[in-house]
Amino acid sequence: MAIKKAYLLLLILGFMLVGNKSYSQADKESSVVYFTEDISPDGVMKIFQHVKDHVKGNVGIKVHFGEDGNEYFVPATMVEPLCKALNATLVETNVAYRGRRSQTATHIELARDHGFTFAPIDILDEGGILSLPIKGGTHFKTALIGKNIEKYETIVYFTHFKGHGSAGFGGCIKNVSMGMAVPQGKRAMHFNNFPKPDSSKCIACGDCVRDCPANAITLNPLKINKEKCIGCGKCISTCHNGAISKPDDEEQTKRFLEGLVEYAKPVVELKNSVFFNIVINVSPSCDCSGNPKTPFVPNIGILASTDIVAIEAAAHDLVDKAHHCNDAFLKVNSVSGKRQIEYAYQLGMGNMKYKLVNIDK
Ligand code: SF4
Ligand code: SF4
């Protein structure tokens with residue numbers, strides 16, 4: 001009887017955790033996610049000691065160099081000692097829209113301007129396209145990735161965990177999928193993901209027009225030209241008046257989130273992968289926004305893991321905890337990105353259950 005009661009209690013507890021969409025459940029099936037509150041280059045080096053055995057051969061470190069006008073991306077100084085210690089190359093891909101990050105020469109110039117001066121930079125699509133079959137996906141059959149990934153045995157995804165107008169949040173999954181895809185691949189993922197304008201809330205400040213990489217927005221009245229829009233979601237993050245939002249079409253959002261996951265799958269299967277989520281400057285907006293919104297929680301810390309699903313779940317839970325709610329990104333971006341985590345788990349990419357190991361203690 002006592003055993004039956006204990007079992008029932010466990011079931012209820014389990015249901016509460018799922019109901020709350022909190023992924024943290026430490027048991028023997030959990031993946032380990034390391035955590036430090038030491039947000040410094042030293043903190044990066046200390047936490048790296050816990051995952052370093054997974055690193056082999058020639059190393060590429062996938063970073064985001066930050067858009068012009070964005071100050072929230074992870075500063076170059078944070079990754080510098082790690083990059084030097086591994087004799088690594090900083091890797092990125094060009095974007096699908098106008099701006100300095102769309103061409104290799106200007107992309108590297110921007111990276112240098114933002115302090116990434118201490119290592120070689122490899123824009124992976126310079127070498128062409130690597131087409132990787134996606135096993136188990138329903139939206140995509142192949143992922144189009146920067147071919148220069150072939151030069152590296154290990155990729156360290158040094159990721160800024162923050163919001164994203166279309167994806168809810170952007171963490172390691174997005175840094176792999178959108179981050180490693182060539183512009184054609186990025187366009188394919190964004191395809192048909194149009195935001196919804198509400199002219200009655202628009203004060204014609206012009207911020208979204210300046211930030212739109214596709215010249216797709218016109219004002220008075222506010223309109224988005226679907227022929228031009230590439231679905232990047234920047235305008236959703238940029239508008240401070242709620243005049244541009246995610247479409248009500250839940251299927252479209254689900255397709256976008258699942259597409260990100262499918263694109264990431266063959267990439268992490270191809271190489272040794274180590275994941276960092278740097279949970280600082282947690283703005284609702286992506287690092288590709290030149291006009292990002294103010295961070296909405298205090299800086300939290302650094303996470304490291306070899307499990308891409310577990311590290312996303314852990315980072316999301318920490319942000320939710322700091323924001324005192326069950327889905328902080330749903331609140332600030334009107335879109336939950338949690339489908340990324342659940343679908344990645346369904347596709348066998350990792351474990352939603354994790355054990356958070358605080359290395360400071
Ligand atoms: S940012 Fe918002 S308020 Fe400003 S012009 Fe664009 S839609 Fe209108
Ligand atoms: S999603 Fe918004 S910012 Fe991006 S291309 Fe479309 S209209 Fe422009």
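Read the numbers this way: they start at 1 and go in the same order the structure lists the ligands and their atoms.
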Side chain to side chain contact (heavy atoms under 4.5 Å, CB included) with Tyr97: which of Cys288, Pro183, Ser102? Cys288
I want to know whether [X] and [Y] have ring centres closer than 6.0 Å.
{"X": "His64", "Y": "Phe158", "result": "no"}
{"X": "Phe169", "Y": "His164", "result": "no"}
{"X": "His160", "Y": "Tyr72", "result": "no"}
{"X": "Phe140", "Y": "Tyr263", "result": "yes"}

Considering only NZ, NE, NH1 and NH2 on the basic side and carboxylate oxygens on the acidic side, decide whether [X] and [Y] come within less than 4.0 Å.
{"X": "Lys254", "Y": "Glu250", "value": "no"}
{"X": "Lys151", "Y": "Asp122", "value": "yes"}
{"X": "Asp307", "Y": "Lys353", "value": "no"}

How far is [atom] from its nearest protein heavy atom, and which residue and atom name does that atom have?
{"atom": "atom 8 (Fe) of ligand 1", "result": "Cys202 SG, 2.4 Å"}
{"atom": "atom 5 (S) of ligand 2", "result": "Ile230 N, 3.4 Å"}
{"atom": "atom 1 (S) of ligand 2", "result": "Gly233 N, 3.1 Å"}

Do any N/O/S atoms of Cys205 come under 2.8 Å of atom 8 (Fe) of ligand 1? no
Closest candidate by heavy atom, reference atom 6 (Fe) of ligand 1, pool Cys208, Pro195, Pro197: Cys208
Minimum distance, heavy atoms only, to atom 2 (Fe) of ligand 2: which one of Cys288, Cys235, Ala96 is it? Cys235
Per-atom contacts of ligand 1 with [X], taking only distances under 4.0 Å to non-hydrogen atoms:
{"X": "Ile244", "answer": "7 (S)"}
{"X": "Gly206", "answer": "4 (Fe), 5 (S)"}
{"X": "Ala243", "answer": "7 (S)"}
{"X": "Cys239", "answer": "1 (S), 2 (Fe), 3 (S), 7 (S)"}
{"X": "Asn241", "answer": "3 (S)"}
{"X": "Leu222", "answer": "7 (S)"}

Counting only heavy atoms, which portion of [X] has something under 4.0 Å from ligand 1: side chain, backbone, both, or neither?
{"X": "Ile203", "result": "both"}
{"X": "Val209", "result": "neither"}
{"X": "Leu219", "result": "side chain"}
{"X": "Ala204", "result": "backbone"}

If you measure from each non-hydrogen atom of Ile217 to ligand 2, which part falls under 4.0 Å: side chain, backbone, both or neither? side chain
Could you list the atoms of ligand 2 found under 4.0 angstrom from a heavy atom of Pro213? 3 (S)
Cys229 neighbourhood, listing ligand 2 atoms whose heavy-atom distance to it stays under 4.0 Å: 1 (S), 5 (S), 6 (Fe), 7 (S)
For Val156, is there any backbone N or O sitting under 3.5 Å from a side-chain donor or acceptor partner on Lys62? no
Would a distance-only check, ignoring hydrogens and angles, find a side-chain to backbone donor-acceptor pair under 3.5 Å from Lys228 to Ala214? no
So, 2.8 Å as the limit: is an N/O/S atom of Cys232 located closer than that to atom 4 (Fe) of ligand 2? yes
Could you report the tightest heavy-atom contact between Leu132 and Ile145, atom names first, then the distance? CD1-CG1, 3.9 Å
Atom of Ala264, atom of Ser177 and distance for their closest heavy-atom approach: N-CB, 3.8 Å
